[in-house]
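These numbers come from the heavy atoms of this one structure, side chains and all, not from hydrogens, waters or symmetry mates. Every chain is numbered from 1 and lettered A, B, ... according to where its sequence line falls, protein lines coming before strand lines.
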Protein chains: 4
Amino acid sequence: MSKKQDIMAATLDLIHEEGLQSVTFSKIFKKANVGSGTIYNYFSNKEEIVNAVYKEARMHMGEHLLQGYDPFASLYERFKCLQLNRLTFGILYPKEFLFIDNFSFSPYISPELRNMDDLHNSREVILSLIVEGQKQGIIKEMDSHLCHQLIHGIISSILKGYYVEKYPLNETQIQQILEASWKSILV
Amino acid sequence: MSKKQDIMAATLDLIHEEGLQSVTFSKIFKKANVGSGTIYNYFSNKEEIVNAVYKEARMHMGEHLLQGYDPFASLYERFKCLQLNRLTFGILYPKEFLFIDNFSFSPYISPELRNMDDLHNSREVILSLIVEGQKQGIIKEMDSHLCHQLIHGIISSILKGYYVEKYPLNETQIQQILEASWKSILV
Amino acid sequence: MSKKQDIMAATLDLIHEEGLQSVTFSKIFKKANVGSGTIYNYFSNKEEIVNAVYKEARMHMGEHLLQGYDPFASLYERFKCLQLNRLTFGILYPKEFLFIDNFSFSPYISPELRNMDDLHNSREVILSLIVEGQKQGIIKEMDSHLCHQLIHGIISSILKGYYVEKYPLNETQIQQILEASWKSILV
Amino acid sequence: MSKKQDIMAATLDLIHEEGLQSVTFSKIFKKANVGSGTIYNYFSNKEEIVNAVYKEARMHMGEHLLQGYDPFASLYERFKCLQLNRLTFGILYPKEFLFIDNFSFSPYISPELRNMDDLHNSREVILSLIVEGQKQGIIKEMDSHLCHQLIHGIISSILKGYYVEKYPLNETQIQQILEASWKSILV
DNA sequence: TATGAATGAGTTTTCATTCAT
DNA sequence: GATGAATGAAAACTCATTCAT
């Protein structure tokens with residue numbers, strides 16, 4: 001792994017463990033096992049590192065969200081795939097997920113970065129699925145962004161409770177969550 | 001307003017404007033218009049201020065959540081009241097809401113504080129409403145905390161999209177959200 | 001003496017002893033006997049300190065240059081007074097003099113600062129003396145700034161040789177220098 | 001041009017543009033278009049580079065000072081030749097001239113280096129010219145080093161004013177300066 | 001020789017905290 | 001209680017130097 005990736009990984013770990021406000025360069029250096037000057041070969045300040053970590057996490061999530069997505073499957077199947085992918089991403093990569101969730105709406109991240117498209121344009125896939133469902137009379141008529149935010153929010157919120165061990169997330173719970181989010185937007 | 005409240009209000013403002021990680025004592029002093037030593041008459045360090053702000057915000061929200069709550073109204077009415085109260089709290093007090101939402105799951109806040117009960121015990125009210133609905137066969141059987149988190153998460157997520165102006169929140173949208181969250185947990 | 005003046009005095013000493021390029025903040029702190037943060041209550045960076053020191057030295061020199069200047073004395077007497085004042089300033093305050101001389105034509109100092117007028121406007125006094133002498137046919141016709149620079153430069157150069165102990169500067173030498181500079185600009 | 005010369009030229013440029021105190025190795029590397037390690041094949045540290053640049057500049061100036069010098073010409077002609085050569089050197093090579101002038105009296109340069117003789121021993125030529133003039137009763141009796149410094153200083157000072165565009169230096173001005181410096185040391 | 005990524009000692013800067021008023 | 005100048009430990013950042021290629 002390159003020094004740059006070491007630095008980014010260490011930063012993500014630290015944000016997860018202690019929160020952004022207590023991440024210092026010296027903690028990053030130690031965790032990443034690099035010299036203190038090395039970081040400046042790759043980033044010019046802390047904000048740049050955080051932004052780079054954010055971008056990478058968003059790319060990673062965007063890729064994961066469309067795993068196994070079959071555009072020819074039924075609306076419901078496609079919906080379930082997307083929601084399940086989001087949920088499993090959160091389960092597999094809690095650090096990435098929490099970081100994205102926390103900083104997407106923080107003043108620390110610029111609007112441009114918040115609204116960035118990932119390579120795979122997963123946002124567009126979801127939005128057009130919503131619009132398609134609305135045209136077919138299956139999904140309730142409402143602002144598609146609102147609808148997107150709604151089903152996205154269910155997953156996020158559930159994951160946060162899971163992370164602090166309010167409840168387990170096994171097969172039963174997962175099915176309940178997928179159904180709940182599907183029902184929430186039906187006509 | 002007392003100096004103490006000036007300091008807490010300034011802190012909340014700064015967290016909202018710049019994020020916790022860039023809140024410094026000197027910014028607080030300037031915004032609160034107090035001398036730099038004054039703060040130590042009330043708080044012994046920054047964490048104490050943030051915790052105090054958090055507690056106050058939680059109290060405020062807890063109070064607001066039960067506004068107009070009629071324990072004898074129908075299950076659906078009570079549910080809508082609670083959800084609407086959460087939503088309006090977020091609309092009226094975005095700084096408090098966002099702060100609570102962000103830091104409730106951050107390593108910065110201690111688990112005891114996260115799990116604090118507000119004066120009015122609004123959490124208990126919601127949880128017992130869920131259990132009651134499940135006993136009546138109206139609300140789907142699932143972990144009550146999971147269910148709580150689910151409906152809570154819908155409101156949070158919707159508010160965050162609203163804050164960054166993804167969509168407006170007027171009467172129509174609000175009704176849609178309340179219905180969506182209700183449907184999501186029905187059997 | 002105030003902390004600010006302590007800092008400025010220490011800076012001037014260090015520039016004289018080691019040259020600007022080897023003046024560090026920590027040397028300044030130690031020499032000025034102040035805490036490392038104190039400096040930032042008065043200056044926001046090193047360039048600001050150096051500029052402040054420069055301004056003060058210029059004011060000091062400007063004041064000294066006109067000491068005992070009698071506007072009603074003869075042209076020659078006035079000329080000698082100004083030249084002697086410059087020379088004695090250099091002898092009494094070598095640190096100030098060398099600093100001004102070195103940095104007046106260095107890229108480190110901004111043109112505005114280089115061209116600053118001191119309180120007493122000594123530059124104007126000298127320039128008008130030159131013009132007056134030219135009108136009277138005593139001083140040779142030439143660009144007044146060139147003429148100013150010429151007599152100024154004689155003193156500067158002599159002082160630099162004196163500082164490195166090429167020769168002493170006692171009464172004899174001083175009279176020779178004053179005469180030399182006077183003769184150099186006669187018709 | 002060799003790498004070594006690239007490095008020295010870049011160093012001189014940077015000193016002229018930004019002043020010695022802000023010359024860093026990385027600026028030198030970039031300007032000289034060499035790799036950062038390359039410098040250590042030629043110099044062991046920054047002071048060595050600066051000293052080498054100084055020596056070279058002094059050699060260059062020493063050579064230039066005696067251009068067209070005719071030992072059999074009249075005292076006045078020889079004096080004018082030396083002064084004019086110094087002036088034209090400053091006009092043609094402002095970077096070298098300023099660097100020599102600034103650092104000859106700076107604590108950065110060692111006394112040995114300051115007192116170095118150039119190949120052509122121009123200093124000796126000037127000093128003996130002064131002594132010769134004094135023996136002939138043309139030049140005033142005074143310390144020969146003082147006298148040297150005096151006429152040298154006129155040229156230096158005039159050039160510095162010229163560099164900051166206080167006045168032009170064309171044929172008229174140049175003649176005035178040569179005459180002024182000659183008159184300044186006559187009996 | 002030439003290179004430039006990596007380094008860490010040293011420098012600059014920030015900022016929570018103290019304390020005399 | 002209220003203040004803010006002074007502080008110094010810690011954080012951010014720079015930059016000369018090394019070394020494997």
Here the distance between atom P of dT13(E) and atom CG of Asn41(C), to the nearest Å, is 14 Å
query: Should Tyr40(A) and Phe25(A) be marked as a ring-ring contact (aromatic ring centres under 6.0 Å, His included) after you check the CA-CA gap, both sets of side-chain angles, and the distance that decides it?
result: CA-CA 11 Å; Tyr40(A) 295 97; Phe25(A) 273 32; 5.7 Å; yes
Ranking Ile39(B) and Ile39(C) by the position along DNA chain E of their nearest nucleotide, the one closer to 5' is Ile39(C)
Separation of dT17(E) atom P from Glu47(B) atom CD, nearest Å, is 11 Å
Per nearest nucleotide of DNA chain F, the residue lying toward the 5' end, Ser44(A) or Val23(D), is Ser44(A)
Rounded to whole Å, CZ of Phe43(C) lies from P of dT13(E) at a distance of 14 Å
- Under 3.5 Å, is there an N or O donor on one side and an acceptor on the other linking the side chain of Thr24(B) and the base of dA16(E)? no
No-H, no-angle donor-acceptor pair, Ser36(A) side chain to dA12(F) base, under 3.5 Å
no
- Would you call the rings of Phe103(D) and Phe99(D) parallel, tilted or perpendicular, where under 30° means parallel and over 60° means perpendicular? tilted
Rounded to whole Å, the CD-P distance (Glu48(D) to dT17(F)) equals 10 Å
Heavy atoms of Ser156(C) and Phe97(C) approach each other most closely as OG-CZ, 3.6 Å
Exercise. Think Lys3(C) has a side-chain N or O under 4.0 angstrom from the OP1 or OP2 of dT7(F)?
Worked result: yes
Between CG of Asn33(B) and C1' of dG4(F) the distance, given in whole Å, is 14 Å
Between Gly35(B) and Asn45(A), the residue closer to the 5' end of DNA chain F by nearest nucleotide is Gly35(B)
Quick check on dC15(E): is either OP1 or OP2 less than 4.0 Å from any side-chain nitrogen or oxygen of Ser26(B)? no
Any Lys/Arg nitrogen of Lys31(C) or Glu17(C) sitting under 4.0 Å from an Asp/Glu carboxylate oxygen of the other? yes
query = Is any side-chain N or O of Tyr40(C) closer than 4.0 Å to OP1 or OP2 of dC15(E)?
reply = no
Of the listed dT17(E), dT12(E), dT7(F), the closest approach to the Phe25(C) side chain comes from dT12(E)
If pairing means Watson-Crick or G-U wobble with both distances under 3.5 Å, then the partner of dA20(F) is dT3(E)
Rounded to whole Å, NZ of Lys30(C) lies from P of dG10(E) at a distance of 11 Å
Exercise. Between dA2(F) and Tyr42(B), is there an OP1 or OP2 to side-chain N/O distance shorter than 4.0 Å?
Worked result: yes
* Asked: Are Ile39(B) and Val34(B) close enough that some pair of their side-chain heavy atoms sits under 4.5 Å apart?
  -> no
Margin query: I want to check one thing: is the phosphate of dT12(E), taken as OP1 and OP2, less than 4.0 Å away from some side-chain N or O of Lys46(C)?
Written below: yes
Atom CD of Gln5(A) and atom P of dA6(E) are separated, to the nearest Å, by 12 Å
Separation of dT3(F) atom P from Ile28(B) atom CD1, nearest Å, is 15 Å
ask   = In terms of side-chain geometry, is the basic nitrogen of Glu56(C) or Lys4(C) positioned less than 4.0 Å from the acidic oxygen of its partner?
value = no
Comparing Gly37(C) with Gly37(A), nearest DNA chain E nucleotide closer to 5' gives the residue Gly37(A)
